Every structure is written in C-alpha cells, then in structure tokens.
Number of protein chains: 2
Amino acid sequence: MSNSKILIRNGKFLVPGTPLSVLNGCMIIENDLITYIGEEEPFLEEELQVIDGSRLLFMPGLVNTHGHAAMSLLRGYGDDRTLQVWMQEKMWPMEGKFTPDDIYWGSSLSILEMMKGGTTTFLDMYDKMDRVAEITEQSGMRGVLTRGVIGLCPPEVQDVKLADAVRFARDWHGKADGRITTMLSPHSPYTCPPELFVKFVQAAHDLDLPLHTHMSETKREVEQNVEEYGVRPVEHLERLGMFTRPSLVAHGVHLNDEEIGILARHHVGVSHNPGSNLKLASGIARVIDLLNAGVTVSLGTDSAASNNNLDLFEEMRLAALIHKGFSGDPTAIPAALAMRMATEYGAKSLFLDGVGQLAPGMKADFIAIDIDQPHLLPHTDLLSHAVYSASAKDVLHVWVNGKQIVKNGECLTLDEEAIRRKAQETFEGLLKR
Amino acid sequence: MSNSKILIRNGKFLVPGTPLSVLNGCMIIENDLITYIGEEEPFLEEELQVIDGSRLLFMPGLVNTHGHAAMSLLRGYGDDRTLQVWMQEKMWPMEGKFTPDDIYWGSSLSILEMMKGGTTTFLDMYDKMDRVAEITEQSGMRGVLTRGVIGLCPPEVQDVKLADAVRFARDWHGKADGRITTMLSPHSPYTCPPELFVKFVQAAHDLDLPLHTHMSETKREVEQNVEEYGVRPVEHLERLGMFTRPSLVAHGVHLNDEEIGILARHHVGVSHNPGSNLKLASGIARVIDLLNAGVTVSLGTDSAASNNNLDLFEEMRLAALIHKGFSGDPTAIPAALAMRMATEYGAKSLFLDGVGQLAPGMKADFIAIDIDQPHLLPHTDLLSHAVYSASAKDVLHVWVNGKQIVKNGECLTLDEEAIRRKAQETFEGLLKR
C-alpha cells in the first residue's frame, strides 16, 4: 500500500464521548488509520491531500451485521404474504435457480446499494461465497463473509457443504488488505441437525473463527425446537457447544429471561433486524431487555427481499422508534444508543477490532453526509438528525480502510451502470428459466 | 391561467385498479387536469410540451393530513424525553417566542422539505396562519390550512382566537387558484372547554367548513377526559356536535370498539401519524380495526419536532410495517393499501375532490421517482418499491395543479438557499432571545 495522508478541514465529526458528541475541527488519515481528530489543526510539513469538510457531518461507517446480499434480486418479489407462502412459493423456487453468476450480480447490486448508502462493513451469509468475496474485494468494502449451510439433506451432503464452508472461510480470511474476514454458519437450529452443529463448533475451534446463525426469529421455530429437542433454542445451542466460540445470532426475537441471561453470560451478540422482523411479522425483539442484560445488540437489514432496502439509517431509526412505541417509554433507545448499535456495537458483534468509531488509532472507515438540506436543518443536534431525519441518500462520501470508495454519491470502485443493467437482466432471466 | 398541454411519454404510471397497478404508456395534462392516461398515444395536433418519462415512475402526489410546519425550527431540539418534559421544557418555551416571521421561515423550511420529497398536499394547523398561507401560495403546493386554537385562557381571549380562526378560514378558502382550502380547528378536547368546541361547531356550520382536532393521542388524555367529562373523547366530541360537521381527527391512538363504531358511523377521518406516535411513545393506533370498520385512515407526519422529518414515504412504510409487526399478520396493510392511505384516502380526509389518484378528470398533482437506482432494482413490482424501498429523496419531479414545482430535485418556486439560511438563523435567534 502506498503511503497516503489526508487532512479533512472545517468538518463536524461524530466522536466518542457522553456517549457521542459532535466535534468541530479536523481529522487526519494516514494510510488505513485515523491518526488525529481535534479542534486545532496540527502543523503539517508533509505533502497531503486536503479535503474541505464544511457542510458535512463525518461519522463512522455503518455496520450491517446480518444479510444475504444475493437476494436483492428478489426485492419486491412476493410481499405481504405469510412467511410460509413467501418462502415456499416465492423465495425458495427462485433461489433454487440461482447460478454463481446470479449470486455475483445480486450481491453486486446489494454491495452497490450499501456502499452508496453509508454502510462500510457488512456480514453476508449465503452460498457460492467465492463470487461474493470477489465483488467485495473489488468494491473496497469491509466484508465478513460466511457460507450458510442448510442441513436438510443426507449426512454426506451436509459434510460436503461443511467442507465447502470451511474451505471458503480458510481461503478468504484476512484477504483484501484484511478487509475480508470470515465466520462459520450453520443456517439455524431448525435447518441443521445437532450433529452438524457440533461439527461446525469443532471446525470453528480448529480455524479459530466465530460462529453465526439464525436463531429464534419466529414463535413457531421456538415451539418446534421444544418439540424436537425438549429445550428452547438458546439452551439447545448452549448444549451443542456453540457458545464456547465467539458467536453472533441473527434476530433473537423470541427469548425468555433465562435465555437472555445465557446470551449475556456467554457474550453472544444479537443482530437485531427490525425492518425484516416487522415486515414478516415475526415479532418484536426484546432489545431493551437484551441491552439492559449487557448483550451487544447490533443492527442488520436482513435481505432486501424482506426489508425491502439496505438502508441502515432506516434500521437505526426503526430501532429507536419501535422500542419506544412498544415499551411506552419515549426515552428508550435514545439517538446515541441507536447510532452505537449501527456502528461500534456492529463492529464488536463481528469481532472487528479498531472499527466502528471515529478516534485516533481506529480504521479509517467513515462517511460524510450532506447536512445543508431542508430535512437536516436547523442544526440543533446533528446526532439526532443522523438518527431521526437522515437516510442512505444523504451520504455523499464514503471511505473504507482509508480509501475513498464513494465520492459525491458516485461509486469509484464498481461499474454502477453495468451492475444495474445486469441485475435487471438476471431477474428477467430467472423468471424465464 | 394560460392554456397549457403536456404529454408524458414512455412512462410507468401508478393508476387505480385491483386496487393499484402500473401502466406503461403516456399521460396528458391539460391546464390543471389529467385528461388522458393509456398505453396508446393518441394523435395530437396541438402544440404541447413533451416530457420523456423513461426510467421514471409517475404516481399521485402524497397527501400529509396532519402537521405543524413552523415547528421544523425545533427539529432535533429535545428528543428522547418524556412527553411532559419535551412539551413543557422544550417545545412550549421556544414556541412562546415564535414571531410571525419565525413562523414564516419555519413553515417555508417544511414546505420546501415536503415538496422536494413528493408531498403535493399538506394540512397545517398552527398560529399566524396568514404567513403560512403566503408561503403556501408562493410554493405552488396544495394546502389545507387551519388556525389551531388552544383554549387554555379566559373566555374573552378564546373568543378573540376563534374570531381569528374564522377570519383566516374565510379569507383564504379557495384562494391560490383553489389550491388553498381551510378548516376550523379547536386544538383538542383537553385544551378547549366544551363551550369553545360548541362555538367552533357553529362557526363550521356557518362557513360550511370541516373541522380538525387532535384526539386520543395519549392514554393519559383519555383518562383525563373521563375524569373531567365522564365520557371518553369520541363520545365527548359527538355530544358537542363536532361530528355533525365533516371532521378529521389526528392520532386516534387510544380508541375502544364503541368509539371506532362512532367514528365510522359519522364518517370521521383519522390521520394516522405512526412516526410521531412511536417517537413520543403515545401508543399504536388500531389502524387495522379502523380500516375494517370503514373509517378513512390517512397519513400525517405531525411536526418535524416529533418525527423528525416530513418524509411521507417513511410514514407509508411505517404504517405498512408496524401494523404487521404488532398484529403478527404479514398480510396486514399491504403495499397498495399503504399507498392509498398516503394519496387517495389523504385527499378524501381533507375533503378535496378530484385529488389523490392518477386518472382522467383528476387534478394534475403528481410526482416522478427515479427508478433506475440500486435500491429500486430489479423492477419486480414498482408499487412495492414505492412503498417498501423508496424515500423522499428518490423524487425527481413534482407537479401540482398541472404546474411543475420541482424539477430534477430542485425547487422551481422558492429560493431554497435563502430558506435554508434563514431557518438556521431563526433557530439561532430563538436560542438567544
């Protein structure tokens, strides 16, 4: 990596402190790191790139801790249906037709949407992950990639899938200047038999990688777990040894107090997906209780097929709004907490050190939003505006690992026009096949 | 008005039918009316303006049925507080300082935000409404304006306020080529004594105008109504004769079955404000039950101080999502219904004939969104995309009454730069006073 140094002057920066505050001043980036943020501009002898930060709010890039990028091909394909009809009649028949190329273009569409919208890190759980890694590397984004394994198949097929997941995780972990890391993902307790889970736990120990799975998204799957295994999903996974590894579970909607205690004790992170949970009517996660118990709760969009966009500003706002509405407490999930869930807690959930905050020594993953717009005026409280008023489309610039990947709303690393055209063609092709 | 004729070619149009569908074709606008929509382009001899509609979805302009535009000055000023603290320590002291000029600039900021975001009609209930009418006339938007009267003052002061409300309603009704209409608004049952309500009802009869009020937003105000008057708010207002006039109530969060029946019987509209209700933790309105009972439910943002933006796409999406999540039924409030609440039902709630749909004979109030963007691809179902994926910032063009007021995202009628600057200065001035 060639040596680079950037000074951003006259900006407003969302920095840690009580618990988040806005600092007027400047920020210096050296290579992939933030090396200075302060009100005073230090004297600088070296050559460096200077950026005028006026009329911009700089904030940590957003971290999306649960998704399936390729499924953006099915955005809007079968809304407003019951979960069973949606999956069995709409999603699965189409996903069954996905080729590696389809996955490449669907993932490209999602990555383009996410990066333009201010997401700098995303978790992706899907199949044919080499193609997802390929476009992630090219995009400049930070990706936590994991091959999701559905074990509803004979044991020997399960083993082939597990081997593929392990091979992918080993091949790509730490690649793309460290921007790509990997995890291992049995899809869920209701799609993977206990023996397969146990093998995944062993593989995670062998590779020293974290685990990710879907857990307790719907009431029905919890009941089914009790019917089949005699215990609820959290205890089930605890018994299978999953929580002996660093773990992140997606959804965690239906949890009792005891389960929340188990998650807290094992430092298991929960990826809260409010948009998807509402749209599929899965239920309302006990986010306030989880946070009070000390669980790290982050935010995920889930796929665009059940959301239907990948705008993390919207998930932040949903998290801040719906838990106020449900609890009857307007002080629940204040703006700073929602922002931390989407940034700092997101990075922690994905086991990424040095990501998720604007501070010296942190990775230079940050975004700039245009605050000189009617819906972001007057400038009463810019943190509030970022959470309660802004959207993906207010993002002007994006940097990951110190490199700018979006400038004035345009993607610098990918061919947007080609991706838009191919995504449409791919969907039309799927309909015909 | 000079004679004008516009042809939009190669567009996609969201038109009535089963209950909404997308038509590929063209639309003709003559003066203030839509005169043709169809797949075939009719032969046209006259001179006319031709617009290329490719890559655009044309849809009815959105209708915001409850708000207080001037309060955008307090956007982000005091979030995440209990309702009492928010009102008594934050809103009221600042609002008490509002001059007519402040109201003019605050309203201008909101109107600018709304029109750029695809809202073509808005209801505004506030004070110093002549200044709001002035900027509404200039903006080219359709406004339903009403002076809200708080009756927590001596009877003679109440009468002065009522007289002002009546004078304003008479002066402005039907003005600005008919774009401005008026209503009469006692603020709420808990801020207006019964005698004042009765006078408002009489005035509404005299002027032949509809009535608007806040009703049953919080549990506490319903309890208070029972304590003071022995009945819940709906029965209270029914007894005071309010529903002998065409009426629209804002919020309607806390309603029992009997009250829903009364509202349905009297054809009282309910402006559902999901963002504000969630943020203030007021509760979750029984929207599914209201709709099932035949009540016209429309959407409002409330003010930017409790929302914190005026993006009606977001309110559509919240309405479609939260009632799925709360009811556990993923088929509740499907996309077409959410869209109708934000358009057709909005116009009906505001007693505007010929507004809210794209069809021949309707007023030419419509918007165009840019559908060639990553988050709106692939084109599986454009109605779904408009409800579940789009936002205010996807709006490129806006027409009201046949005249274009926003083009390529830029406001053609107001000085945006001046409004942004003045809004910020006004807020800073309020802090110093």
Side-chain angles (χ1 to χ4, degrees), chain A residues 73-77 79-83 86 109 112-113 116-117 275 277-284 304 307-311 318 321-322 324-332 334-335 372-375 377-381 384-385 388-389 391-394 416 419-420 423-424 426-428, chain B residues 73-77 79-83 86 109 112-113 116-117 275 277-284 304 307-311 318 321-322 324-332 334-335 372-375 377-381 384-385 388-389 391-394 416 419-420 423-424 426-428:
Chain A
L73 292 175
L74 304 179
R75 185 199 315 272
Y77 183 73
D79 304 299
D80 306 325
R81 285 167 170 82
T82 62
L83 188 65
W86 177 71
L109 184 68
L112 185 61
E113 178 185 351
K116 290 182 73 171
N277 293 164
L278 290 169
K279 184 150 188 286
L280 297 174
S282 307
I284 310 293
N307 188 302
N308 291 349
N309 62 39
L310 305 177
D311 179 353
L318 282 173
L321 291 180
I322 66 172
K324 290 178 173 64
F326 273 84
S327 67
D329 176 6
T331 71
D372 197 24
Q373 301 183 82
H375 66 293
L377 281 164
H379 292 168
T380 51
D381 178 346
S384 164
H385 289 1
Y388 290 119
S389 311
S391 81
K393 297 213 47 188
D394 297 320
E416 171 162 347
I419 291 170
R420 283 194 264 115
Q424 179 65 22
T426 301
F427 172 70
E428 289 171 10
Chain B
L73 292 175
L74 304 180
R75 184 199 316 272
Y77 183 73
D79 303 299
D80 305 325
R81 285 166 169 82
T82 62
L83 187 67
W86 177 70
L109 184 69
L112 186 60
E113 178 185 352
K116 290 182 74 171
N277 293 164
L278 290 169
K279 185 152 187 289
L280 298 174
S282 308
I284 310 293
N307 187 301
N308 289 350
N309 63 40
L310 305 177
D311 179 353
L318 282 173
L321 291 180
I322 66 173
K324 290 178 173 65
F326 273 86
S327 68
D329 176 4
T331 70
D372 197 24
Q373 302 183 84
H375 67 292
L377 281 165
H379 291 167
T380 52
D381 179 346
S384 165
H385 289 1
Y388 291 118
S389 312
S391 81
K393 295 208 52 183
D394 297 320
E416 171 163 347
I419 291 170
R420 282 195 264 116
Q424 180 64 23
T426 301
F427 172 70
E428 289 170 11

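Order of the sequence lines fixes the chain letters, A, B, ..., with proteins taken first and strands second; residue numbering starts at 1 for each chain. A quick note: this is a predicted structure, and the numbers were derived from the prediction, not measured.
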Using non-hydrogen atoms only, which part of A/H385 is less than 4.5 Å away from chain B: side chain, backbone, both, or neither? side chain

Rounded to the nearest 0.5 Å, what's the gap from CG on B/N307 to CG on A/L321? Could you check? 8.0 Å

Atom of B/S384, atom of A/G76 and distance for their closest heavy-atom approach: OG-CA, 3.5 Å

Chain A shares the most heavy-atom pairs under 4.5 Å, among B/D394, B/L83, B/I284, with B/D394

If you tally heavy-atom pairs under 4.5 Å between each of A/L280, A/D381, A/L377 and chain B, the highest tally belongs to A/L377

Of the non-hydrogen atoms in A/K324 and B/L278, which two are nearest, and what is the gap between them? CB-O, 3.2 Å

Find the distance between CH2 (A/W86) and OG1 (B/T331) and round it off to the nearest 0.5 Å. 15.0 Å

Which heavy atom in A/A281 sits nearest to a heavy atom in B/G328, and how many Å separate them? CB-C, 3.5 Å

Counting only heavy atoms closer than 4.5 Å, note whether A/I419 contacts chain B via side chain, backbone, both or neither. neither

Region of A/A335 that comes under 4.5 Å of a non-hydrogen atom in chain B: both

Which atoms of A/S391 are under 4.5 Å from chain B, going by heavy atoms: the side chain, the backbone, both sets, or neither? side chain

Do A/K393 and B/H375 pass the side chain to side chain contact (heavy atoms under 4.5 Å, CB included) test, and can you show the C-alpha distance, the side-chain angles, and the key distance before you say yes or no? CA-CA 10 Å; A/K393 297 213 47 188; B/H375 67 292; 3.9 Å; yes

Counting only heavy atoms closer than 4.5 Å, note whether B/L109 contacts chain A via side chain, backbone, both or neither. both

With a 4.5 Å limit on heavy-atom distance, are the side chains of B/R81 and A/P330 in contact? no

Per-residue contact mode, A/I322 against chain B (heavy atom under 4.5 angstrom): both

Closest approach of B/A423 and A/P378, non-hydrogen atoms and distance? O-CB, 4.0 Å

Highest number of heavy-atom pairs under 4.5 Å with chain B among A/N308, A/T426, A/L112 belongs to A/N308

Can you name the nearest heavy-atom pair linking A/F427 to B/H379, along with the distance? CE2-O, 4.4 Å

Pairwise side-chain contact, A/L73 with B/T380, heavy-atom cut-off 4.5 Å (strictly under): no

Let's test your reading of the structure: which of B/E428, B/E416, B/K116, B/R75 forms the most heavy-atom pairs below 4.5 Å with chain A? B/R75

Is it the side chain or the backbone of A/Q373 that comes within 4.5 Å of chain B heavy atoms, both, or neither? both

For chain A, the option from B/D329, B/D372, B/L310, B/D311 that forms the most heavy-atom pairs under 4.5 Å: B/D372

Contact part of A/D79 toward chain B, heavy-atom cut-off under 4.5 Å: side chain, backbone, both or neither? side chain

Do you know the tightest heavy-atom contact between B/Y388 and A/N309? O-ND2, 3.8 Å

